[in-house]
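First up is the structure itself, then whatever we jot down about it.
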Number of protein chains: 2
Amino acid sequence: MKIGIIGGTGGQGLGIAIRFVQAGEDVIIGSRTTEKAQAAVDKIKDLLEEVVPNIKSAENPDAATEADVLVLTVPLTAQRATLISIKEQAAGKILMDATGPLESAIGGSPTRCLYLPEGAASERAQKILPETTIICAFNNISSGALMNFKEPIDCDCLIAGDDQESKIKAAKLIEKIPGVRVVDCGPLERAQIIEKITPLLIGLNIKKTCKDAGIRITGIDPDCKLY
Amino acid sequence: MKIGIIGGTGGQGLGIAIRFVQAGEDVIIGSRTTEKAQAAVDKIKDLLEEVVPNIKSAENPDAATEADVLVLTVPLTAQRATLISIKEQAAGKILMDATGPLESAIGGSPTRCLYLPEGAASERAQKILPETTIICAFNNISSGALMNFKEPIDCDCLIAGDDQESKIKAAKLIEKIPGVRVVDCGPLERAQIIEKITPLLIGLNIKKTCKDAGIRITGIDPDCKLY
């Protein structure tokens, strides 16, 4: 599977890219410029300290064209412009949106939520890209845990979306990351809750209660389908 | 310690009462009428199938007068009136607020959040009772798990509040419930996030993904103070 990490040069994008590269998927890191994307690819190659044939760089629209599945990892302030830049290329595809509606986007604390007119940041993404299937994902997994690539991740990946088949595809991909269990939380509007857990976890990291705080859902029926 | 469960006749109130009775604390179940409170006490005595000297009933204001620490377990629609009814009696005391801002309060789904003018339901409680120390607590622990009193509870109790000493007192009490680990998430405004996790967990119960869904925080530093 070819996975395009749109705006993939920050900690979260790099971490997701590394994890998918490790899982043997083909990864394309997208950025506004090829230079920035290539710098991210070089960084990943350095970190992995081995020959990595399954990663390359591209401008965002080209990454979106070539990839089968997309992941968006940009700050809230860049979400709209980035999505508009790949609008045609992303049509008909799945896009996993990891955008966090944090107050830091407007000069404030990453431990506080913004309340967006559209509801969730992922609902906003769906409005901007109506021809793309948006799935809220990766919000609860910290960059630190993703980047700590020699260790499994002790965290559930809560997802939400309106198309069941797309959620199953995304979930199977996400669960290639060691330790991660996907829990489908329901329709896309449930992203309003999932995204708001992020500033809580960031707060626990800042308080030094946790390093790379995450969550696990308890009480799961062992016979149930998680997605 | 004398614990007053204000509006303690629903599933959550009964469950918390049972757990504190089991822990050997003195519990007073409060309700609008003594009859309703006494019916709840009788139910708990039946469930426990043993002599239980450490539980009694009272009207809410009397329960608030006699108790050292209060727990509020009422639906959102009853929160304001119930708090006003104990305003004088609760002054100077700690009140753990478990109110969930669910859409069901206004004829809707328990899997959706309401956004209140005050922020969190617990912030609303603090505005109504400025002389009381409000701590957001118990939101993430299901009634079912509380009522399943022969088993420990596989869930963290996320708390938030503005007075550190009061949070420590509350946390020590809450951790008398087997299995429960308290995680202090910071100032009271963080209740805006804690309370919103409840409809997500209810959604997982409705989808049959979980029975009595709960959460655990991961990545906790073993050397840290959780509260």
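For clarity, every value in this text was computed on a predicted model and none was experimentally measured. Order of the sequence lines fixes the chain letters, A, B, ..., with proteins taken first and strands second; residue numbering starts at 1 for each chain.
In this structure, chain A has heavy atoms under 4.5 Å from both the backbone and the side chain of B:Leu200. In this structure, chain B has heavy atoms under 4.5 Å from both the backbone and the side chain of A:Ile215. Of the atoms belonging to B:Pro199, heavy atoms from both backbone and side chain fall under 4.5 Å from chain A. Contact annotation for A:Cys185: both backbone and side-chain heavy atoms come within less than 4.5 Å of a heavy atom of chain B. In this structure, no portion of B:Ile206 lies under 4.5 Å from any heavy atom of chain A.
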Please tabulate, one pair per line, the N or O donor-acceptor pairs under 3.5 Å between chain A and chain B.
from	atom 1	to	atom 2	distance (Å)
A:Arg112	NE	B:Glu189	OE1	3.2
A:Arg112	NE	B:Glu189	OE2	2.8
A:Arg112	NH2	B:Glu189	OE1	2.6
A:Tyr115	OH	B:Gln192	OE1	3.0
A:Asp154	O	B:Thr218	OG1	2.6
A:Asp184	O	B:Lys207	NZ	3.0
A:Glu189	OE1	B:Arg112	NE	3.2
A:Glu189	OE1	B:Arg112	NH2	2.6
A:Glu189	OE2	B:Arg112	NE	2.8
A:Gln192	OE1	B:Tyr115	OH	3.1
A:Lys207	NZ	B:Asp184	O	3.0
A:Thr209	O	B:Asp221	N	2.9
A:Lys211	N	B:Gly219	O	2.8
A:Gly214	N	B:Thr218	O	3.0
A:Gly214	N	B:Thr218	OG1	3.3
A:Gly214	O	B:Thr218	N	2.8
A:Gly214	O	B:Thr218	OG1	3.3
A:Arg216	N	B:Arg216	O	2.8
A:Arg216	O	B:Arg216	N	2.8
A:Thr218	N	B:Gly214	O	2.8
A:Thr218	O	B:Gly214	N	3.0
A:Thr218	OG1	B:Asp154	O	2.6
A:Thr218	OG1	B:Gly214	N	3.3
A:Thr218	OG1	B:Gly214	O	3.3
A:Gly219	O	B:Lys211	N	2.8
A:Asp221	N	B:Thr209	O	2.9

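Top candidate by heavy-atom pairs under 4.5 Å with chain A, chosen from B:Ala213, B:Ala145, B:Pro222, B:Ala160, is B:Ala213. Highest contact tally toward chain A, considering only B:Ile194, B:Ile220, B:Leu158, B:Val183, is held by B:Ile220 [criterion: heavy-atom pairs under 4.5 Å].
Between A:Ile197 and B:Ile193 the shortest heavy-atom distance is CA-CG2, 4.1 Å.
Inter-residue side-chain proximity for B:Ile217 and A:Leu201 is flagged as met; some heavy-atom pair is nearer than 4.5 Å.
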